[in-house]
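Report on the structure given below.
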2 protein chains.
Amino acid sequence: MTQDPPAHRAPVHSATPARRPTLRDVALLAGVSTKTASRVVNGEAGVAAAKVAAVQQAVGKLGYRPNFTASSLRRLKGRTAAIAAVLEDVSNPFSSALHRALEDVARDRGVMIFAGSVDEDPERERALIHAFIARQADAIVVVAASDSQRYLAGEVNAGTPVVFVDRPPVGIDVDAVLVDNHAGAAEAVHHLVAHGHRAIAYLGDLLSIATARQRFQGFKEALSDHGIRPSPDHIAHDLHTEGDAQRAVRRLFSGQAPPTALFTAQNLVTIGAVRALRELGRHHEVALVGFDDFPLADLLQPPVTVIAQDPSTMGRLAASLIFRRLDGEQWTPTVHFVPTRMVARGSGEIPGPYATA
Amino acid sequence: MTQDPPAHRAPVHSATPARRPTLRDVALLAGVSTKTASRVVNGEAGVAAAKVAAVQQAVGKLGYRPNFTASSLRRLKGRTAAIAAVLEDVSNPFSSALHRALEDVARDRGVMIFAGSVDEDPERERALIHAFIARQADAIVVVAASDSQRYLAGEVNAGTPVVFVDRPPVGIDVDAVLVDNHAGAAEAVHHLVAHGHRAIAYLGDLLSIATARQRFQGFKEALSDHGIRPSPDHIAHDLHTEGDAQRAVRRLFSGQAPPTALFTAQNLVTIGAVRALRELGRHHEVALVGFDDFPLADLLQPPVTVIAQDPSTMGRLAASLIFRRLDGEQWTPTVHFVPTRMVARGSGEIPGPYATA
DNA sequence: TTTGATCTTGACATCGTTGTCGGCGGACGA
DNA sequence: TCGTCCGCCGACAACGATGTCAAGATCAAA
């Protein structure tokens with residue numbers, strides 16, 4: 001910008017929008033140095049009352065707002081009071097509950113949240129994280145989609161707190177807040193078996209997702225605890241949308257020897273399964289336990305039994321780890337497990353052929 | 001920092017985390033000036049191949065990442081390639097769908113989103129917006145909670161694009177993407193009347209919210225079009241949670257002359273009403289139309305008829321307005337209406353006492 | 001070989017702000 | 001009256017990066 005705009009027109013309602021006023025403008029108008037203006041704006045002591053007044057008046061007149069970015073460049077090593085949340089999809093209930101929990105903790109400290117959706121795309125995960133790093137996020141919360149996050153080693157080493165949520169870090173050593181997917185899935189299976197089921201189908205998300213693998217593992221092992229070997233026909237992986245799940249369930253019941261119970265390993269899969277069962281008119285015969293709770297699960301017919309995760313607690317825990325690190329506390333990276341909780345609502349208690357009662 | 005940390009230890013796994021490398025570190029290591037390093041990092045032409053290689057190697061070795069904040073300070077008047085979204089609550093479906101739509105449009109331009117939740121608190125709205133402004137957001141998307149946003153005049157005048165979504169701006173003249181709440185509510189009422197209802201109750205959110213007022217207005221006028229004067233007992237305002245709504249519905253039906261149909265003017269209110277009706281066992285007798293769609297509405301018994309808004313379209317439109325302004329396009333602020341769409345699913349078609357069929 | 005043009009390169013100022021530090025002036029004690 | 005101390009203030013450098021510009025280096029043409 002070589003040619004300046006005609007200096008200081010009417011500060012309000014000018015046709016060509018004036019650039020944002022800077023501290024220099026304020027200082028000029030108040031007849032003090034920028035440093036003194038800075039002192040006043042930051043409420044530092046040791047400024048004559050008259051100048052304080054002059055500066056405050058200038059601030060008001062110009063509508064000055066401090067540039068926090070520039071300020072933080074000088075202030076503390078460029079901390080920006082912003083943390084990044086790399087989520088699966090800001091608009092899905094799990095992610096957004098997590099997001100909200102982070103925000104709630106961050107709010108008290110005047111920290112803002114950058115959020116972005118990865119959509120299970122490893123490429124996008126990297127791109128997002130790099131964008132956040134470039135913007136100097138003070139810390140990063142990651143729900144990982146890629147199969148290795150070694151690329152984050154530099155950041156971790158540079159002292160940027162990183163916390164993985166829901167899915168374990170691979171290739172780097174950082175804090176994680178996880179769910180015991182294995183145990184949760186096993187609990188679902190035990191519950192179904194206890195209600196007289198042996199032909200239990202597994203419907204799960206992309207096998208590329210660590211949590212999906214763990215849930216499947218828990219499913220298999222729990223079955224084998226009961227001496228049950230699952231039929232390969234009763235296992236469907238890589239279901240990532242409601243539609244996928246719906247089709248998979250239709251397929252299950254169009255085959256011979258359909259299952260008497262379903263274990264759905266994820267949110268949308270559960271909903272897709274509910275849709276399909278409803279469509280088939282079998283929602284009151286086929287038992288269903290889903291992993292991950294969802295709004296209105298209690299209002300469906302039958303109400304859906306779930307293994308509930310607690311994204312809110314997970315988010316709060318993740319945030320507190322972040323802030324403890326930012327406050328200088330140190331410890332060796334740790335995995336924190338947040339327990340799951342089975343919520344029996346009805347669909348999981350539909351008796352199977354081996355029911356004793 | 002007077003005493004430098006022992007220069008360049010092992011770049012990985014050092015005990016005391018090294019500060020993030022800067023361009024200066026890269027330049028030093030590569031034996032070039034910072035400016036040349038800058039040129040290489042930014043892929044500018046006119047650098048000798050040997051130096052390009054040296055710089056790139058240094059970048060790799062140090063794990064250098066450009067500081068976008070610092071760079072944008074000098075680059076374009078401090079544009080940060082970030083836009084702010086001031087939402088009601090990042091974890092509610094409407095807000096998060098909006099958020100996601102903004103993100104989708106912004107993503108293509110390498111722009112990130114700052115999101116924050118206001119929770120209908122005017123104080124928090126101001127605080128959030130000021131925090132975003134201080135962080136130099138390039139533009140602001142606002143779902144307003146306060147009764148005047150005159151405090152934004154300075155920003156608007158400084159050329160920061162501001163778009164209001166869902167609720168109209170008060171006290172300032174900016175673009176807005178709104179829903180015709182009046183018409184939507186009226187459509188709901190006409191629908192219910194057409195199905196034989198005359199005793200229709202209104203259950204709505206905080207009257208401080210403009211959209212709630214408009215919906216109530218639409219409700220009243222539509223009724224009066226049919227020559228119906230609503231009973232004061234059938235009107236409940238200021239319901240902001242499911243619980244509020246649930247209690248209000250219980251109250252409605254504990255009185256004499258309960259309504260035969262409900263118009264619920266908001267998401268959570270609708271769900272609360274469904275809960276209450278279910279609890280009372282009247283969900284198959286009392287008609288219900290809700291404003292704003294919600295996930296699984298189609299799976300409830302009966303499926304819930306709604307006046308659907310389209311947060312995704314609204315978000316995309318808002319984002320496109322933002323980016324057109326950021327690209328320098330100019331026009332006088334305009335209100336854009338995104339149409340509502342009635343989705344008849346069952347609950348709204350339960351016949352009333354005056355049904356003709 | 002000289003001239004002029006082109007290509008590379010780094011010194012320097014700058015973005016908006018704050019930390020450092022030294023200077024000025026008045027108050028106070030000796 | 002003089003010296004000190006303290007309160008107040010601003011010049012300056014710095015944060016990390018890039019725009020400007022002019023100085024060398026290089027090379028082609030004369």
Side-chain angles (χ1 to χ4, degrees), chain A residues 1-4 18-55 58-59 62-81 133-138 158, chain B residues 1-2 4 18-55 58-59 62 64-81 133-138 158:
Chain A
M1 291 290 115
T2 338
Q3 78 264 32
D4 275 357
R19 59 173 174 61
R20 280 187 190 169
T22 71
L23 202 54
R24 212 167 142 271
D25 299 319
V26 172
L28 235 51
L29 181 58
V32 300
S33 74
T34 57
K35 179 65 227 212
T36 295
S38 165
R39 280 192 258 257
V40 173
V41 167
N42 289 85
E44 286 174 35
V47 179
K51 306 217 169 184
V52 171
V55 170
V59 164
L62 296 177
Y64 169 78
R65 303 259 164 226
N67 181 335
F68 184 84
T69 348
S71 146
S72 69
L73 189 58
R74 189 84 174 85
R75 259 200 197 306
L76 211 93
K77 289 238 176 228
R79 273 203 189 170
T80 54
I133 288 172
R135 281 174 181 72
Q136 305 295 107
D138 292 340
Chain B
M1 289 289 117
T2 337
D4 273 358
R19 59 173 174 58
R20 280 189 190 168
T22 72
L23 201 54
R24 211 165 144 272
D25 300 319
V26 171
L28 236 50
L29 182 59
V32 300
S33 72
T34 59
K35 180 68 228 210
T36 296
S38 165
R39 280 192 259 258
V40 174
V41 168
N42 288 85
E44 286 175 37
V47 179
K51 305 218 170 185
V52 171
V55 170
V59 165
L62 297 177
Y64 169 76
R65 302 259 162 226
N67 181 335
F68 184 83
T69 335
S71 145
S72 68
L73 189 59
R74 188 87 174 80
R75 259 199 195 303
L76 210 91
K77 289 238 177 234
R79 272 201 191 171
T80 53
I133 288 171
R135 280 172 182 75
Q136 306 294 106
D138 293 340

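Not measured: the values here are computed from a predicted model. The chains referred to below are lettered A, B, ... by the order of the sequence lines, with proteins before strands, and numbering in each begins at 1.
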Legend entry - Whole-Å gap separating P (D:dG16) and CD1 (A:I133): 17 Å

Legend entry - Whole-Å gap separating C1' (C:dC12) and CZ (B:R24): 15 Å

Inset, instruction - Ignoring hydrogens and angles, answer whether the base of D:dT18 and the side-chain atoms of B:R74 contain a donor-acceptor pair closer than 3.5 Å. - result: yes

Legend entry - Flag, side chain of A:R135 to backbone of B:A81, donor-acceptor distance under 3.5 Å: yes

Legend entry - Side-chain touch B:L73/B:T69, heavy atoms, less than 4.5 angstrom: no

Legend entry - Partners meeting side chain to side chain contact (heavy atoms under 4.5 Å, CB included) with B:A134 (sequence neighbours left out): A:F68

Legend entry - Stretch residues 36-52 of chain A: residues that reach within less than 4.0 Å of DNA chain C through a heavy atom: A:S38, A:N42

Inset, instruction - Of all the heavy-atom pairs spanning B:A58 and B:V26, show the shortest one and how long it is. - result: CB-O, 3.8 Å

Legend entry - Closest contact, heavy atoms only, A:L29 versus A:L62: CD2-CG, 3.9 Å

Legend entry - Partner residues of A:R39 under the side chain to side chain contact (heavy atoms under 4.5 Å, CB included) criterion, sequence neighbours left out: A:K35, A:T36, A:E44, A:V47

Inset, instruction - Check for a donor-acceptor pair, side chain of A:T34 on one end and backbone N or O of A:L23 on the other, with a separation under 3.5 Å. - result: no

Inset, instruction - Please determine if a side-chain N or O atom of A:S33 lies less than 4.0 Å away from the OP1 or OP2 oxygen of D:dG10. - result: yes

Inset, instruction - Could you state the atom-to-atom distance from CZ of B:F68 to C1' of D:dC15 in whole Å? - result: 17 Å

Legend entry - Which nucleotide in C:dT20, D:dA17, D:dT18 has an atom nearest any side-chain atom of A:K35: C:dT20

Inset, instruction - Measure from CZ on B:R75 to C1' on D:dG16 and round the result to the nearest Å. - result: 13 Å

Inset, instruction - Could you check how far CZ of A:R20 sits from P of C:dC15, rounded to whole Å? - result: 17 Å

Legend entry - Atom-pair distance (OH on A:Y64; C1' on C:dT17), nearest Å: 7 Å

Legend entry - Nearest-nucleotide pick for B:S71, side chain only, options being C:dG19, D:dA17, D:dG19: D:dA17

Inset, instruction - Look at the side chain of B:L73 and decide which nucleotide, out of D:dA17, C:dT17, D:dG16, has an atom nearest to it. - result: D:dG16

Inset, instruction - With DNA chain C as reference, determine whether B:G31 or B:A70 sits nearer its 5' end, using the nearest nucleotide of each. - result: B:G31

Inset, instruction - Please tell me which of the listed nucleotides, C:dT18, D:dT18, D:dG10, lies nearest to the side chain of B:L23? - result: D:dT18

